[in-house]
Asker: 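Have a look at the structure that comes next, please.
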Number of protein chains: 2
Amino acid sequence: MKKLDDIDLRILTLLYNNADINNKDLAAKIGIAPSTCLERVKRLKSSGIIKGSFIEVNLKSIGGNIEAIAAIRLQPYSEEIVNKLRDDLLQLPEIISLYHMGGNYDYYIHMSVSDSEHLRQFVFQEITSRDEVQTVETSLVFEHSRSSVLPQFDD
Amino acid sequence: MKKLDDIDLRILTLLYNNADINNKDLAAKIGIAPSTCLERVKRLKSSGIIKGSFIEVNLKSIGGNIEAIAAIRLQPYSEEIVNKLRDDLLQLPEIISLYHMGGNYDYYIHMSVSDSEHLRQFVFQEITSRDEVQTVETSLVFEHSRSSVLPQFDD
DNA sequence: ACTGAAAAGGTAAAGTT
DNA sequence: AACTTTACCTTTTCAGT
C-alpha cells in the first residue's frame with residue numbers, strides 16, 4: 001500500500017463528509033486540475049483505500065422506528081463459529097452493522113426494527129435461538145451520530 | 001413525510017449498497033427513464049430520506065490501525081450534559097461514531113487510533129478526564145461489518 | 001407523474017510541459 | 001506526474017402526453 005500524500009488526504013477528507021460532490025467541484029476545492037483529481041480518486045478506489053460509497057437513509061422514513069444493539073457472548077468461540085454467525089446475520093434486513101469485539105462481549109449487533117414487538121421477535125428468532133449464543137443483552141439506541149471528520153493521524 | 005412507493009425503495013436499496021452508480025445506469029436497473037429517476041433521487045434527498053452520501057475509507061491505510069469502543073456511564077445524566085458530550089466528542093478526529101444508549105451503558109464511543117499508546121492517551125485525555133464520566137470500559141474492535149442490505153419493513 | 005429530445009455541463013482520453 | 005484541450009457522454013431541463 002503506497003503512502004498517501006497531502007492531496008490524497010484532502011480528497012478523502014472531503015468525500016468522507018460528502019461523496020455527492022462532482023469531480024470538477026472537488027478539484028476546484030483542492031486546487032488541482034479536474035483530470036488530476038479524477039485520476040487520484042480512481043487510484044484511491046482501485047487500490048481499496050476508498051472501500052465504497054453509500055447513502056445514509058433516514059430509517060424512520062422506511063419504517064425502522066427503533067434502533068437497538070444486542071451485546072452477546074458466544075460459547076464455544078471459534079473462528080468458524082464467529083464467521084458463520086457474521087455471514088448469517090449479514091443476510092438479515094434488520095442488521096445495520098456488526099462489531100466483532102475483544103473484551104467483555106464477543107459481538108455487538110446493531111439493528112433496526114419497526115417496533116418493540118419486532119425487536120422481541122428478532123432477538124428470539126435470530127439471536128437467542130442460536131446454539132453458540134450464550135448471553136444476550138439488548139439495549140435501545142436513542143441516537144446514533146456519525147462523525148463528519150475523517151480520522152487523521154500525523155505520521 | 002410522504003409515503004414511499006416501490007420505485008423509491010428500489011432506488012434506496014441500490015444506492016445503499018453502492019452510491020457510485022450514475023443516474024443512467026440506476027434508471028436502467030430499475031426500468032424507468034433517467035429523467036424520472038433523477039427527479040426521484042432529488043426528491044429523496046431534498047426531503048431528508050437520503051441523509052447524505054459518504055465514502056467508506058480503509059482506516060489502516062491512513063494510520064488508523066486500531067478500532068475500539070468505549071462503553072461509558074454518566075453521572076449526573078441530563079440532556080444538557082449528554083448533548084455537550086456528543087458535540088465535544090464529534091470534534092475529535094479519532095471518533096468514528098457515537099451511540100447514545102438506553103440500557104446498561106449511556107454511550108458507546110466508536111473510535112480509530114494509531115496504536116495502543118494512542119488509545120490509552122485518548123481514553124485518559126478525552127474520556128475519563130471528563131467530570132460527568134463515571135465509568136469507562138474499553139474494548140477492541142476486531143472486525144466491523146457493514147450490511148449491504150437496506151433494512152426493509154413490509155408496511 | 002412519466003417520457004423523449006435538446007441544451008448544458010462534466011468526464012475521460014489525447015497530447016504537452 | 002500534472003495540466004490543457006477536445007471529443008464524447010451524461011446530466012438536466014422542458015415541452016408534451
Asker: Going by side chain to side chain contact (heavy atoms under 4.5 Å, CB included), name the residues that satisfy it together with A/L38, two or more places apart in sequence or in a different chain.
Answerer: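 A/L38 satisfies side chain to side chain contact (heavy atoms under 4.5 Å, CB included) with A/N23 once adjacent residues are dropped.
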Asker: Under 3.5 Å, which protein N or O atoms sit close to an N or O of nucleotides 14-17 of chain C? Give each pair with its distance.
Answerer:
none

Asker: Listed by chain and number, what are the side-chain hydrogen bond (donor to acceptor under 3.5 Å, both in side chains) partners of B/S35, not counting sequence neighbours?
Answerer: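 Residues passing side-chain hydrogen bond (donor to acceptor under 3.5 Å, both in side chains) with B/S35: none at all.
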Asker: Can you list, by chain and residue number, the hydrophobic cluster partners of B/Y105 when the side-chain cut-off is 4.5 Å?
Answerer: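 When side chains under 4.5 Å apart are linked, the cluster holding B/Y105 also contains A/I69, A/Y99, A/M101, A/Y105, A/Y108, A/V141, B/I69, B/Y99, B/M101, B/Y108, B/V141.
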Asker: How bent is the helix from C/dA1-D/dT17 to C/dT17-D/dA1, comparing axes over its five end pairs at each side, to the nearest 10°?
Answerer: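 Roughly 30°, once rounded to the nearest ten degrees.
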Asker: So, are B/R40 and B/D5 salt-bridged, with charged N and O less than 4.0 Å apart?
Answerer: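 Looking at B/D5 together with B/R40, the answer is yes, because their closest N to O distance falls below 4.0 Å.
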Asker: Applying side chain to side chain contact (heavy atoms under 4.5 Å, CB included), name anything that partners A/K42, two or more places apart in sequence or on another chain.
Answerer: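 With sequence neighbours excluded, A/K42 shows a side chain to side chain contact (heavy atoms under 4.5 Å, CB included) to no residue whatsoever.
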Asker: Return the set of residues passing side-chain hydrogen bond (donor to acceptor under 3.5 Å, both in side chains) with B/R73 (not counting sequence neighbours), or none when no residue passes.
Answerer: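 Listed in chain order: B/N104, B/T135.
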Asker: Run the side-chain hydrogen bond (donor to acceptor under 3.5 Å, both in side chains) test against B/T138 and tell me which residues pass, sequence neighbours left out.
Answerer: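 Expected list: none.
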Asker: Under the salt bridge (charged side-chain N to carboxylate O under 4.0 Å, His left out) rule, what pairs show up with a residue in residues 80-92 of chain B, not counting sequence neighbours?
Answerer: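 Output for this query lists A/E143-B/R86, B/K84-B/D88, B/D88-B/R130.
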Asker: Could you tell me which residues satisfy ring pair (Phe, Tyr, Trp, His ring centres under 6.0 Å) with B/H100, sequence neighbours excluded, listed by chain and number?
Answerer: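 Partners of B/H100 under the ring pair (Phe, Tyr, Trp, His ring centres under 6.0 Å) test: A/F142, B/Y107.
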Asker: Just the rounded figure in Å: distance from P of C/dC2 to CG of B/D6.
Answerer: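 Nearest whole value for this atom pair: 12 Å.
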Asker: Atom CD of A/E39 to atom P of D/dA1: distance rounded to whole Å?
Answerer: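 After rounding, the reported distance stands at 9 Å.
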Asker: Going by the rule side chain to side chain contact (heavy atoms under 4.5 Å, CB included), which residues pair with B/L92 if we only count those two or more places apart in sequence or in a different chain?
Answerer: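 Partners of B/L92 by the side chain to side chain contact (heavy atoms under 4.5 Å, CB included) criterion, ordered by chain and then number, come out as B/L89, B/E94, B/I95, B/F122, B/E126.
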Asker: Counting only side-chain N and O atoms of B/R43, is one of them less than 4.0 Å from OP1 or OP2 of C/dA1?
Answerer: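 So the side chain of B/R43 is within the cut-off, an N or O lying under 4.0 Å from OP1 or OP2 of C/dA1.
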Asker: Is there a side-chain contact between B/R40 and the phosphate of C/dA1, meaning an N or O under 4.0 Å from OP1 or OP2?
Answerer: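 For C/dA1, OP1/OP2 do not have a side-chain N/O of B/R40 under 4.0 Å.
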Asker: Can you confirm whether B/E117 is buried at CD, in the sense that more than 12 heavy atoms of other residues, nucleotides or ligands lie under 6.0 Å from that atom?
Answerer: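 Atom CD in B/E117 is crowded, with more than 12 foreign heavy atoms closer than 6.0 Å.
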Asker: Closest approach to the side chain of A/L38, judged atom by atom: which nucleotide of D/dT12, C/dA12, C/dC2 is it?
Answerer: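 The nucleotide sitting nearest to the side chain is C/dA12.
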Asker: Give me the residues of residues 9-34 of chain A where at least one heavy atom lies under 4.0 Å from an atom of DNA chain D, by number, or none.
Answerer: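 Under 4.0 Å from DNA chain D: A/I32, A/A33.
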